[in-house]
*Asks:* 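Could you have a look at this structure, given as structure tokens, before my questions?
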Number of protein chains: 2
Amino acid sequence: VAEISPKSGERLIVKTDAVVEGRHYLASDPADLVARKLLRVNLSDLAGKGARPLGYVVAACFPDSVSEAWIAAFAAGLAQDQKVFGLPLLGGDTTATPGLASFAVTVFGSVRGRIPRRADARIGDDIWVSGYLGDGALGLLASKGALGGLSPDALAYLVDRYRLPRPRLDFGRRVLAHARASMDISDGLIADLQHICDASRVGATIEAAALPLSGAASEVLADDPDLLPTVMGGGDDYEVLFTAAPAKAAKIAAAARAVRVPATKIGRIHQGREVVVLDRGGRKVELGQRGYRHF
Amino acid sequence: VAEISPKSGERLIVKTDAVVEGRHYLASDPADLVARKLLRVNLSDLAGKGARPLGYVVAACFPDSVSEAWIAAFAAGLAQDQKVFGLPLLGGDTTATPGLASFAVTVFGSVRGRIPRRADARIGDDIWVSGYLGDGALGLLASKGALGGLSPDALAYLVDRYRLPRPRLDFGRRVLAHARASMDISDGLIADLQHICDASRVGATIEAAALPLSGAASEVLADDPDLLPTVMGGGDDYEVLFTAAPAKAAKIAAAARAVRVPATKIGRIHQGREVVVLDRGGRKVELGQRGYRHF
């Protein structure tokens with residue numbers, strides 16, 4: 001049993017997530033990266049609400065057959081990111097399982113002022129994202145050897161982005177003061193924007209040409225434009241997706257510059273319920289792969 | 001992402017616990033009871049700190065082969081105990097696993113005033129427990145058919161106590177205002193009292209004759225006195241174990257009467273580090289089985 005103490009005037013939020021061997025990661029993946037991604041995926045949820053991390057608890061189920069070395073590397077990964085993010089371990093439970101490994105992390109954050117909800121988008125809002133889209137989904141393909149003809153640097157960049165998300169905590173805390181609806185992108189841009197549209201009872205249009213792409217992702221898309229749906233629907237982005245009144249654009253841009261993470265306006269909220277993507281010529285892009293993908 | 005809102009002036013505590021198929025329960029156990037025990041085990045931790053339940057989050061990993069009926073019964077069990085304990089579900093994550101089922105619950109509680117710690121025992125304190133000891137451990141034996149010659153009523157009572165713990169929430173909130181050290185008993189009386197002694201840097205002596213036993217447990221022990229170590233070390237009690245200044249005895253008894261749960265003085269804190277059990281004649285009882293047992 002542990003105590004959690006948000007500062008006075010701050011509101012406490014909580015998020016829980018499970019990862020499972022053979023579903024979210026492979027037993028052959030480096031244990032320290034499995035641990036760090038587990039924390040970062042949850043931290044990304046806090047980033048999407050503009051929260052400051054307060055701490056976490058973890059329930060770890062290790063297979064009877066796990067090696068001491070694997071557990072040690074897993075613990076070292078947790079310890080490393082505890083330091084990186086100033087995220088104390090508040091408690092936990094460790095148990096052996098006759099099955100596969102599974103881990104559940106519950107992370108706590110505090111928010112000063114308003115907590116931006118999915119349901120807060122309004123007609124006329126701009127749609128924004130932090131950072132770059134698609135690196136995680138393309139990194140998964142790259143790590144499986146499914147992306148040919150990529151430069152070694154681009155390959156390494158994408159695989160790293162897949163394995164080790166960068167939760168946009170500073171971005172969330174600085175930029176979301178100017179936002180209406182907000183959440184982090186984990187299931188893919190289209191699926192998560194649809195979540196916002198469903199909750200806010202609005203529709204959305206995205207300009208494909210406006211999507212922010214890393215150099216590596218641009219290289220991949222130039223080679224194979226058919227991967228655009230993967231960029232928009234593949235998931236594992238862990239960027240912040242938010243809407244804001246058009247009058248806030250300058251403040252958003254300034255706040256994003258201050259934390260040195262790009263903020264890009266990618267579309268507009270309007271009446272309806274649907275998420276539509278338009279190409280450079282104003283034609284609807286077919287979205288084969290929408291959201292939520294596990295291997 | 002969910003918000004947790006303790007009342008002003010209250011302190012927030014958190015506890016997380018994992019249960020795993022094949023280790024903490026069997027796939028053949030009723031799914032609703034698996035779910036209810038999962039919640040109750042965590043609520044017992046809150047009871048041991050005198051906390052009021054605020055809500056919980058759950059991360060559930062269901063095997064690919066699980067039936068819809070099992071999941072429905074599991075969810076119904078959660079819903080039932082949400083009502084019983086006024087415990088809202090604040091969030092969760094559900095995932096499929098190629099392995100066995102596992103569940104992690106993180107429960108939140110609020111405490112008004114001081115949170116009693118394991119490290120708060122002082123030399124001269126009385127040692128108290130709520131309710132009855134050993135019913136859970138004997139219930140596990142009974143459910144395996146390992147207890148012969150028991151009346152059907154006693155058998156049913158013990159199996160039920162093993163399957164469905166009664167977290168002593170009212171007791172904790174009313175009685176622990178008068179306590180020093182406190183925790184709930186999950187690993188067994190001896191192991192958990194040793195935790196208090198280690199944290200408080202004290203020793204403890206228990207009078208075996210003073211241990212509160214249910215009618216069913218008395219029946220079992222009369223038949224086989226060698227089961228005393230199981231009663232003291234078997235675990236699954238989910239009672240409150242606490243120490244208090246002797247001057248508080250009358251207030252403790254009155255508070256316990258008010259919530260209609262027995263409070264029993266079973267021993268004394270003294271110098272040293274060890275936990276000793278004395279029989280009626282003042283001889284040391286050998287403790288074969290100490291704490292922590294899973295099947």
Side-chain angles (χ1 to χ4, degrees), chain A residues 1-6 8 11-24 41-42 45-49 51 54-64 90-111 115-118 182-184 294, chain B residues 1-6 8 11-24 41-42 45-49 51 54-64 90-111 115-118 182-184 294:
Chain A
V1 178
E3 185 176 0
I4 307 175
S5 309
S8 136
R11 298 166 74 181
L12 184 75
I13 62 172
V14 60
K15 178 67 171 62
T16 197
D17 241 323
V19 309
V20 173
E21 176 186 337
R23 184 155 189 96
H24 302 95
V41 163
N42 279 281
D45 281 292
L46 297 187
K49 297 300 175 188
L54 281 180
Y56 77 107
V57 296
V58 61
C61 305
F62 291 108
D64 293 327
L90 299 174
D93 186 27
T94 300
T95 184
T97 170
L100 300 172
S102 67
F103 305 97
V105 156
T106 304
V107 70
F108 307 99
S110 63
V111 180
I115 302 172
R117 300 175 310 152
R118 296 180 183 193
S182 174
M183 65 184 295
D184 80 313
H294 286 302
Chain B
V1 178
E3 184 177 359
I4 308 175
S5 309
S8 135
R11 300 165 73 181
L12 184 75
I13 62 172
V14 60
K15 179 67 172 63
T16 196
D17 241 321
V19 310
V20 174
E21 175 187 338
R23 184 154 190 99
H24 301 95
V41 164
N42 278 281
D45 280 292
L46 297 187
K49 299 299 176 188
L54 280 180
Y56 77 106
V57 297
V58 62
C61 304
F62 292 108
D64 293 326
L90 299 175
D93 186 28
T94 300
T95 185
T97 170
L100 300 172
S102 66
F103 306 97
V105 156
T106 303
V107 70
F108 306 100
S110 64
V111 180
I115 302 173
R117 301 175 308 152
R118 294 181 183 193
S182 174
M183 66 184 294
D184 79 314
H294 285 302

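Chain naming here is simple, since letters A, B, ... match the order of the sequence lines and numbering starts at 1 in each.
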*Asks:* With chain A as the partner, which of B:Ala18, B:Ala59, B:Gly91 has the greatest number of non-hydrogen pairs under 4.5 Å?
*Replies:*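 Of the options given, most contacts go to B:Ala18.
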*Asks:* What distance do B:His24 atom NE2 and A:Cys61 atom SG have between them, rounded to the nearest 0.5 Å?
*Replies:*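 So the gap between those two atoms works out to 7.5 Å.
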*Asks:* Shorter than 4.5 Å, heavy atoms on both sides: which option in B:Leu100, B:Val20, B:Val14 has the most such pairs with chain A?
*Replies:*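 Looking at each option in turn, the highest pair count goes to B:Val14.
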*Asks:* Please identify, among A:Val107, A:Ile115, A:Ile13, A:Leu90, the residue contributing the most non-hydrogen atom pairs under 4.5 Å to chain B.
*Replies:*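 Highest number of heavy-atom pairs under 4.5 Å: A:Ile13.
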*Asks:* Let me see the working for B:Val105 and B:Val58 under side chain to side chain contact (heavy atoms under 4.5 Å, CB included), right down to the final yes or no.
*Replies:* CA-CA 4 Å; B:Val105 156; B:Val58 62; 3.8 Å; yes
*Asks:* Counting heavy-atom pairs under 4.5 Å with chain B, which one of A:Val19, A:Thr16, A:Val111 comes out on top?
*Replies:*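 Winner by heavy-atom pair count: A:Thr16.
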*Asks:* Taking side chain as everything from C-beta outward and backbone as N, CA, C, O, which of these in B:Thr97 sits under 4.5 Å from a heavy atom of chain A? Side chain, backbone, both or neither.
*Replies:*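 When you check distances to chain A, atoms from both the backbone and side chain of B:Thr97 fall under 4.5 Å.
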*Asks:* Under 4.5 Å heavy-atom distance to chain B, tell me which part of A:Phe103 shows up: side chain, backbone, both or neither.
*Replies:*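 For A:Phe103, no heavy atom lies under 4.5 Å from chain B.
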*Asks:* Please answer whether the main-chain N or O of B:Thr106 pairs with a side-chain N or O of B:Lys15 as donor and acceptor at a distance below 3.5 Å.
*Replies:*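 It does not hold such a pair.
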*Asks:* Would you compute the distance between atom OG of B:Ser182 and atom CZ of B:Arg118 and round it to the nearest 0.5 angstrom?
*Replies:*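 With rounding to 0.5 Å, OG (B:Ser182) is 10.5 Å from CZ (B:Arg118).
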*Asks:* Using side chain to side chain contact (heavy atoms under 4.5 Å, CB included), reason through A:Asp45 and A:Asp17 one step at a time and then give a plain yes or no.
*Replies:* CA-CA 10 Å; A:Asp45 281 292; A:Asp17 241 323; 3.9 Å; yes
*Asks:* Tell me, for A:Asp184 versus chain B, whether the close heavy atoms (under 4.5 Å) come from the side chain, the backbone, both or neither.
*Replies:*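 Neither part.
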*Asks:* May I ask you to name which of B:Pro63, B:Gly48, B:Gly99, B:Ser5 has the most heavy-atom pairs under 4.5 Å with chain A?
*Replies:*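 Result: the option with the highest number of such pairs is B:Gly99.
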*Asks:* Can any side-chain N or O of B:Arg23 pair as donor or acceptor with the backbone N or O of A:Ala96 at less than 3.5 Å?
*Replies:*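 The answer is yes, because a donor-acceptor pair under 3.5 Å joins these two groups.
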